[in-house]
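Just so we're on the same page: letters track the sequence lines, and every chain starts at 1. No hydrogens, no waters, no symmetry mates; every other heavy atom, side chains included, goes into these values.
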2 protein chains.
Amino acid sequence: MSKSAISKAERIKARRAREEVNIFARMPAAYAASRSQAAKFLQRAGGLSVVEWRVLWDLSEAGPLSIREMASIQRVDHSQLSRALPGMRRKGFVTMERDEADGRQMNVALTEAGRAAYDKTAPIMKKRREGLRRAFSAEELEQFAGFFDRLEEFLRQPVEDLLAEEKTP
Amino acid sequence: MSKSAISKAERIKARRAREEVNIFARMPAAYAASRSQAAKFLQRAGGLSVVEWRVLWDLSEAGPLSIREMASIQRVDHSQLSRALPGMRRKGFVTMERDEADGRQMNVALTEAGRAAYDKTAPIMKKRREGLRRAFSAEELEQFAGFFDRLEEFLRQPVEDLLAEEKTP
DNA sequence: ATTTTATACGTGACAAGTCATATTAATTTT
DNA sequence: AAAATTAATATGACTTGTCACGTATAAAAT
């Protein structure tokens, strides 16, 4: 009954196959799945949000930090932290104080409750990373990270430059 | 004047270095950069949103599709398309009709205006993919995609299973 | 034939990310 | 010292993504 020589199912399959090797198309899905898995682990571990977990982890590993410093470590926009931190202070996880030497900066530090939340969550999240290391060898993870480095470098190139470049000969 | 043996700058550097090889931590940043670059290309090309572009591309390559089929190709939740499509219909890019054979499905098809928007945007987005192919060889892209396959497989594992597994011996 | 179950879509509520802009404080120029 | 620039944070507006749940239709089981 199909009007076209190629069936709809085949067209979909072909389209899906092409998208499979399109890195740009793969990233949103992989990222979404990762975030979703992280949320599930965090739910198990006590109910922190992803942003909260990252903050506690950074503060716990690197000591008191300013918002900018955390944003740089996490490679996210500072606004995300600006928004999340007041809630974390309300929950008693962190203290925020204006820096004495530089009145623009906020010093964000872990409280005892914050440390406790970290200690409760960390072993579960460690299991997650261990799981990943069963799925990928150390060399592969390094290679994967290297791909991300190069991808980010490409993504940072100004759009004009990319549009101007000649087609590869 | 520092109270600790290790300076704050060094602590931050160490923390950053650890996060650099943490795939989970790299993904949000890489994805955000990719989305941002895509948005810039699309801005140049006429102002489509990322979701709109993906819809036009799919319809143009695979013909009329249901919402579910598009969601499957794009690996996104159907709700995203459910929400975006009425706007695209309003703009005249697509038509949406309930399927005659199966009253649950919507048939989404490209209009002439939709085809025109696609034709205008596609060459610019092609340049983007060409740029990526200058940054990565075909083999590398394949390997990169393969890593995504395995990562997604890992991310799909039930959380219970991962928490139950023994530490690698 | 009826009842149960599965599927497709729509929608509300939310998380996580962006960018642009305002505000205040620090630093550099003049 | 005053003016201009730069930097850190806060906040509004927006996009992309989720999940959960309701509704209607279709398919399967009894």
Side-chain angles (χ1 to χ4, degrees), chain A residues 24-43 47-55 65-72 74-89 94 96-108 155-156 159, chain B residues 24-43 47-55 65-72 74-89 94 96-108 155-156 159:
Chain A
F24 298 132
R26 297 298 301 265
M27 214 148 17
Y31 162 64
S34 169
R35 203 173 53 158
S36 159
Q37 193 199 49
K40 277 174 201 149
F41 272 87
L42 288 168
Q43 203 49 52
L48 293 176
S49 76
V50 170
V51 175
E52 285 174 340
W53 160 242
R54 287 199 297 233
V55 167
L65 296 168
S66 75
I67 288 182
R68 177 145 299 278
E69 286 163 343
M70 265 191 277
S72 144
Q74 298 183 18
R75 299 160 183 254
V76 299
D77 194 272
H78 63 89
S79 61
Q80 201 172 134
L81 293 159
S82 239
R83 255 184 270 266
L85 285 168
M88 295 187 70
R89 180 173 49 188
V94 299
M96 297 169 73
E97 280 171 14
R98 209 151 273 287
D99 189 284
E100 282 186 18
D102 185 336
R104 294 169 304 181
Q105 288 185 44
M106 296 295 283
N107 285 323
V108 185
L155 293 169
R156 266 198 309 274
V159 173
Chain B
F24 298 132
R26 296 298 300 266
M27 216 149 14
Y31 163 62
S34 169
R35 204 172 53 157
S36 159
Q37 194 200 48
K40 277 174 201 151
F41 272 87
L42 287 169
Q43 203 50 51
L48 294 176
S49 77
V50 171
V51 175
E52 286 172 339
W53 160 243
R54 286 199 297 233
V55 167
L65 297 168
S66 75
I67 288 183
R68 177 145 300 277
E69 286 162 343
M70 263 190 277
S72 144
Q74 297 183 19
R75 300 160 184 256
V76 299
D77 194 272
H78 66 92
S79 61
Q80 202 172 133
L81 293 158
S82 243
R83 254 184 270 267
L85 285 169
M88 295 186 70
R89 180 173 50 188
V94 298
M96 297 169 72
E97 279 170 15
R98 208 153 276 286
D99 189 284
E100 282 186 18
D102 184 337
R104 295 168 302 181
Q105 287 184 44
M106 296 294 284
N107 285 324
V108 185
L155 293 170
R156 266 196 310 273
V159 173

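Within the nucleic acid shown, Ser82(A) comes within 4.0 Å of at least one base atom, counting heavy atoms only.
Rounded to a whole Å, the CE atom of Met96(A) is 9 Å from the C1' atom of dT9(D). The distance between atom CE of Met27(A) and atom P of dT15(D), rounded to the nearest whole Å, is 21 Å. Atom P of nucleotide dT18(C) and atom CG of Leu81(A) are separated by 10 Å, given to the nearest angstrom. Rounded to a whole Å, the CZ atom of Arg89(B) is 13 Å from the C1' atom of dC9(C). Taking atom CE of residue Met70(B) and atom C1' of nucleotide dT7(C), one finds them 17 Å apart after rounding to whole Å. Taking atom CD of Glu52(B) as the reference point, atom P of dT16(D) lies 8 Å away to the nearest angstrom. Put simply, CD on Gln105(B) is 10 Å from P on dA27(D), counting in whole angstrom units. A straight line from CD1 of Ile67(B) to P of dA24(D) spans 17 Å, rounded to a whole angstrom.
Distance from the side chain of Arg83(B) is smallest to dT11(C) among dT11(C), dA26(C), dT16(D). Closest contact between the side chain of Asp102(B) and the listed nucleotides dG17(C), dA26(D), dC9(C) involves dA26(D).
Residue Gln80(B) places at least one side-chain N or O closer than 4.0 Å to OP1 or OP2 of dG17(D). Within the structure, a side-chain polar atom (N or O) of Tyr31(A) is placed less than 4.0 Å from OP1 or OP2 of dG17(C). A close approach under 4.0 Å does not occur between any side-chain nitrogen or oxygen of Ser36(A) and OP1 or OP2 of dG17(D).
For the pair Met106(A) and Ala32(A), nearest-nucleotide mapping onto DNA chain D gives the more 5' position to Met106(A). Summary of the strand contacts: Ala101(A) and Arg68(B) both lie near DNA chain C, and taking for each the nucleotide with the nearest heavy atom, the more 5' one is attributed to Arg68(B). Between Ser79(B) and Gly103(A), the one whose closest nucleotide on DNA chain C sits nearer the 5' end is Ser79(B). Residues Arg98(A) and Lys40(A) both approach DNA chain D. Their nearest nucleotides, taken by heavy-atom distance, put Arg98(A) toward the 5′ side.
For the atom pair CD (Glu52(A)) and CE (Met88(A)), the distance works out to 5.0 Å, reported to the nearest 0.5 Å. From Arg35(B), atom CZ reaches atom NZ of Lys40(B) across 12.5 Å, with rounding to the nearest 0.5 Å.
At least one donor-acceptor pair under 3.5 Å links the side chain of Glu69(B) to the backbone N or O of Ser66(B).
You'll find the side chain of Met106(A) reaches within 4.5 Å of the side chain of Arg98(A), heavy atoms only.
Not a single donor-acceptor contact under 3.5 angstrom links the side-chain atoms of Arg104(A) to the base of dT9(D). Donor-acceptor pairing under 3.5 Å, judged by distance alone, is absent between the side chain of Arg54(B) and the base of dT15(D).
Considering every non-hydrogen atom in both Leu81(A) and Ile67(A), the closest pair reads CD1-O, 3.8 Å.
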